[in-house]
Every structure is written in structure tokens, then in C-alpha cells.
Protein chains: 2
Amino acid sequence: MSSSADLRRIALAEFSRAGYSATSLQRIAELAGLSKSSVLYHYASKEALLEAAIGPAIDRLEGLVDGLLERGLEALDRRAFIVDFVDFLLEHRNELHIFINQGRALVDVPVVRRANRLVARLAEFFGEAASVQDSMRFGMALAGSAYMLTVAETFDEVAATRTVLQPDETRDALVAIMTELLVPASVPR
Amino acid sequence: MSSSADLRRIALAEFSRAGYSATSLQRIAELAGLSKSSVLYHYASKEALLEAAIGPAIDRLEGLVDGLLERGLEALDRRAFIVDFVDFLLEHRNELHIFINQGRALVDVPVVRRANRLVARLAEFFGEAASVQDSMRFGMALAGSAYMLTVAETFDEVAATRTVLQPDETRDALVAIMTELLVPASVPR
DNA sequence: ATGATGCCTGACCGATCGGTCAGCCCTGAC
DNA sequence: GTCAGGGCTGACCGATCGGTCAGGCATCAT
């Protein structure tokens with residue numbers, strides 16, 4: 001029941017859903033059942049709250065990228081990587097959506113710049129051996145996942161007849177699609 | 001040199017890049033070399049400016065969707081559709097990025113609700129004959145394209161060594177990737 | 001009892017937000 | 001000449017923004 005952790009979770013969800021600049025500290029405070037002053041007691045500024053909300057996920061992504069670049073593209077077991085990567089995306093979908101789709105608006109926030117650079121390094125990594133098309137494949141897989149894992153929640157409200165995706169079903173579908181995008185046809189699936 | 005059209009173009013670019021709520025009328029006015037009052041002379045409100053900026057693209061998308069649903073999935077020449085669709089995405093990348101990635105934040109704007117419903121109809125259309133996986137394929141193709149066509153501009157600044165994509169190269173790559181995502185393997189490519 | 005500390009609050013600040021309004025300037029019709 | 005209307009403007013409005021500050025209220029060690 002830590003207020004600090006509550007605020008971090010609430011801010012993460014709201015920054016992802018409504019956007020960073022469209023989310024006021026007042027609103028976060030109301031959702032947490034606190035006053036705006038309390039929010040600023042736990043976090044020195046709105047930007048500090050953003051850093052706390054998405055920082056851990058970006059740290060984890062950084063470790064993942066460093067591991068990849070150390071070992072190189074040839075040594076990569078692409079299918080094993082995709083399973084791990086999809087689990088990362090599922091767990092940090094809100095953070096992903098923030099730095100992917102608000103990345104341009106938040107370039108002056110250090111943690112977002114760091115995230116952008118990581119994505120660029122990943123895209124280069126997947127594209128280095130072949131054409132830029134492979135970089136695009138990775139970018140589309142990443143941004144497509146971010147969209148499906150967050151915006152899609154709203155979809156079921158819009159398209160009310162649609163069956164709600166089960167978590168496992170989402171995971172399996174994501175693994176299958178990303179395999180098509182990132183594993184060359186020459187590698188057996 | 002219509003001020004009205006200038007404002008529409010500038011607003012479209014800024015709403016896409018920085019986000020709707022992060023873009024002030026004051027900023028749009030400065031970029032257009034006008035006063036804020038002039039912006040509100042041409043468009044009754046900020047929301048009206050958004051409608052004018054993305055409305056035409058959504059009208060065109062609506063026509064495209066209506067045509068698809070009339071003819072049905074069986075009669076669809078998927079490869080021809082993809083080429084047309086990619087050209088639509090290329091031309092309206094900023095509008096796309098707005099209603100795809102700010103769609104949740106702007107649900108109370110009528111034109112955005114309309115766009116969301118169109119996307120949901122398209123996803124259902126592609127998923128009806130098979131599993132929800134095909135809906136996800138379409139959603140990822142759409143959102144992935146929106147990302148690569150807009151955010152990717154910033155990428156070349158981040159990853160300065162990367163070769164800038166040529167327009168034709170972008171188009172060809174997008175067609176190739178979307179074909180992989182949306183054309184079943186049973187159909188010859 | 002007293003003081004220190006952690007958590008929280010309302011009052012308040014200057015800046016900026018979207019939007020209103022009265023009026024200026026120019027051009028073209030009469 | 002004058003009137004109408006389109007394009008544009010600065011002054012101004014209430015509301016909300018992120019952020020500061022002094023202080024209230026528990027809990028706990030001394």
C-alpha cells in the first residue's frame with residue numbers, strides 16, 4: 001500500500017492512455033486519492049514521475065540490448081529471443097507505448113532519449129546484415145505490438161461484438177507474427 | 001497561399017509530432033506567422049482545427065472501407081489492395097499517426113471516434129474468416145506503418161550513421177512487409 | 001514530555017491554456 | 001464617398017497548469 005508505488009502505477013497507466021502532457025498532476029492525485037501536493041512530495045516534478053514510471057523498463061531493455069550486441073547477430077537464436085522479447089513487451093506494454101508513440105514529443109526527457117537510442121540500436125542490429133527492410137520489420141513489430149497491447153483495449157469497447165483476447169492467446173499470436181517478421185524464411189520455424 | 005490551408009497543414013504536422021494536447025494554438029500561430037486570434041478566426045476552436053486537419057483523410061479511409069465491406073473478403077485481391085493501402089498510408093501518414101496513437105486520448109472528438117470505428121471494422125474484416133490473429137496482423141501492420149512513417153524521421157537523427165530511406169525504397173519495403181502480414185501463404189506472391 | 005521524521009495538506013504563485021470581443025486595415029462594389 | 005466584408009490583431013477573460021511553502025498530524029525513540 002505504498003503511496004509512492006501507487007502513484008507510479010497510476011501515472012504509468014495515465015501517461016500511456018491519455019498522453020504525458022494531457023495528464024495533469026491533479027488528475028493523478030485524484031486517481032490516487034491524494035492531493036496534488038502529495039504527488040509532488042513523493043516525486044519532485046512531473047518529469048521525475050515519468051522517469052520513475054518508465055525508467056525500470058528501459059533499464060531492463062538496455063540490458064537486453066547490451067546482451068544482444070555483445071553476442072552478435074550470427075549467434076542469435078531468433079526464436080528464443082522472440083519469446084523473451086514478447087514477454088518483455090507484454091509486461092511493459094504501457095512503458096513501451098509511451099516511449100514509442102510519444103517519443104518524439106518527449107525527446108527532451110533524458111530517459112525517453114535513452115529509450116529512443118535503444119530502439120535505434122535494436123533496429124540497426126536487425127538490419128545490419130541485410131537491407132533497411134529488416135530494420136523496418138523490427139520497427140513495425142515493435143510499434144505494432146505497442147499498439148495492439150494498449151490501444152486494443154479500447155477496441156473491444158468500440159467493436160463490442162469482438163471476442164476479448166485471452167492473455168495466452170495474445171502471447172501466442174504475438175510470438176507467431178513476430179516470428180514471421182523477424183525470422184528469415186531460410187531458418188526452420 | 002491560403003492562411004486557412006497553411007494552418008491546417010501546420011496543425012497536422014504539429015499534432016502528429018508533439019501531440020494534440022501538447023500543441024498550443026499559440027505555437028501553431030507562431031509557426032504560421034500569425035496571431036492566435038487569427039487561428040481562431042479561421043477555425044472556431046482547436047478541436048475544429050483538428051477535424052479540418054484529419055477529416056479528409058478519414059473520409060477517404062471510410063470510402064475505402066465501405067468498398068471493401070461491400071465486395072467481401074473472398075472477392076478481395078489482397079495484393080492490389082495492399083498497394084493502394086500503402087499509398088494511402090504514405091500520403092496520410094500524419095493523420096494516421098494521430099488517430100492511431102492518440103486515438104485513446106481523443107475519443108471524445110467525433111472525427112477520431114469515427115476513425116477508431118473504421119479501424120475496428122477493418123480489423124474485423126481481416127479477421128472474420130480466420131482467428132483473431134489475422135485481426136492482430138492487420139492492426140500491427142497499420143500501427144507499425146504509422147510508426148515507421150513518422151517516428152522514423154527522428155530516428156535518422158538519433159542513429160546518424162543510418163542511411164536515409166528513399167521514398168521509393170520505403171514504399172517497396174512497406175508493400176513487401178504488409179504482403180507477408182496480410183496475404184496468406186497459400187496465395188502465390 | 002519532547003523532539004525528530006514521514007506523510008500529507010490547503011493556500012498561493014506566475015505562466016499558459018483555449019476562447020471572446022471590439023476594432024483596425026484593406027479592397028472592391030455601388 | 002461610403003459602405004460591406006474578409007483578414008487580422010491586441011487586450012482581456014476564467015480556468016488550469018506545474019510548482020512552492022508553511023504547517024498540521026500522526027508515530028516513535030529518547
Side-chain angles (χ1 to χ4, degrees), chain A residues 1-55 94 98-99 102-113, chain B residues 1-55 94 98-99 102-113:
Chain A
M1 291 300 173
S2 156
S3 288
S4 188
D6 280 352
L7 287 169
R8 214 181 51 232
R9 277 191 297 267
I10 291 170
L12 175 62
E14 281 298 293
F15 287 162
S16 170
R17 190 190 60 81
Y20 175 74
S21 78
T23 302
S24 66
L25 293 177
Q26 179 64 40
R27 168 150 181 84
I28 293 171
E30 283 168 8
L31 290 173
L34 294 174
S35 72
K36 190 179 68 170
S37 298
S38 289
V39 178
L40 287 163
Y41 166 77
H42 288 284
Y43 298 94
S45 67
K46 189 183 178 183
E47 193 173 307
L49 182 51
L50 175 64
E51 298 240 11
I54 70 175
N94 280 332
I98 289 173
F99 69 75
Q102 302 178 51
R104 283 193 298 173
L106 303 174
V107 282
D108 50 340
V109 180
V111 71
V112 175
R113 287 193 70 88
Chain B
M1 293 303 170
S2 153
S3 288
S4 188
D6 281 351
L7 287 169
R8 214 181 50 232
R9 278 191 296 267
I10 291 170
L12 175 62
E14 281 299 293
F15 288 162
S16 171
R17 190 191 60 81
Y20 175 73
S21 77
T23 302
S24 67
L25 293 176
Q26 178 64 40
R27 168 151 181 84
I28 293 172
E30 282 168 8
L31 290 173
L34 293 174
S35 72
K36 189 179 67 171
S37 298
S38 289
V39 178
L40 287 163
Y41 166 76
H42 289 285
Y43 298 94
S45 67
K46 189 182 178 183
E47 193 174 307
L49 182 51
L50 175 64
E51 297 239 13
I54 69 175
N94 281 332
I98 290 173
F99 69 75
Q102 303 178 51
R104 282 193 299 173
L106 303 174
V107 281
D108 51 341
V109 180
V111 72
V112 175
R113 287 193 69 88

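Quick note on labels: first sequence line is chain A, next is B, and so on, each numbered from 1.
Leu40(A) has its CG atom 16 Å from the C1' atom of dA22(D), to the nearest Å. Per the geometry, CG belonging to Leu34(B) stands 14 Å off C1' belonging to dG6(D), to the nearest Å. With rounding to whole Å, Leu50(A) atom CG is found 14 Å from dG18(D) atom C1'. Computed from coordinates, the Tyr43(B) OH to dC8(D) C1' distance equals 15 Å when rounded to whole Å.
Side chain of Tyr20(A) to backbone of Glu47(A): a donor-acceptor contact under 3.5 angstrom is found. In this structure, the side chain of Ser38(B) does not engage the main chain of Leu34(B) through any donor-acceptor pair within 3.5 Å.
One finds a side-chain N or O of Ser38(A) lying less than 4.0 angstrom from the OP1 or OP2 phosphate oxygen of dT9(C). Taking side-chain N and O atoms only, His42(B) has a distance below 4.0 Å to OP1 or OP2 of dC8(D). Here Tyr41(A) does not reach the OP1 or OP2 of dC8(C): none of its side-chain N or O atoms lies under 4.0 Å away.
With 3.5 Å as the limit, one finds no donor-acceptor pair spanning the side chains of Ser2(A) and Arg8(A). Side-chain N/O atoms of Ser3(B) and Tyr41(B) include no donor and acceptor closer than 3.5 Å.
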Name the pairs: protein N/O against N/O of nucleotides 11-17 of chain D, kept only if under 3.5 Å.
from, atom 1, to, atom 2, distance (Å)
dC17(D), OP1, Ser24(A), OG, 3.2

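The pair Arg17(A)-Glu14(A) meets the salt-bridge criterion, since a charged nitrogen lies less than 4.0 angstrom from a carboxylate oxygen.
The OG atom of Ser21(B) sits 7.5 Å away from atom CD of Gln102(B), with the distance rounded to the nearest 0.5 Å.
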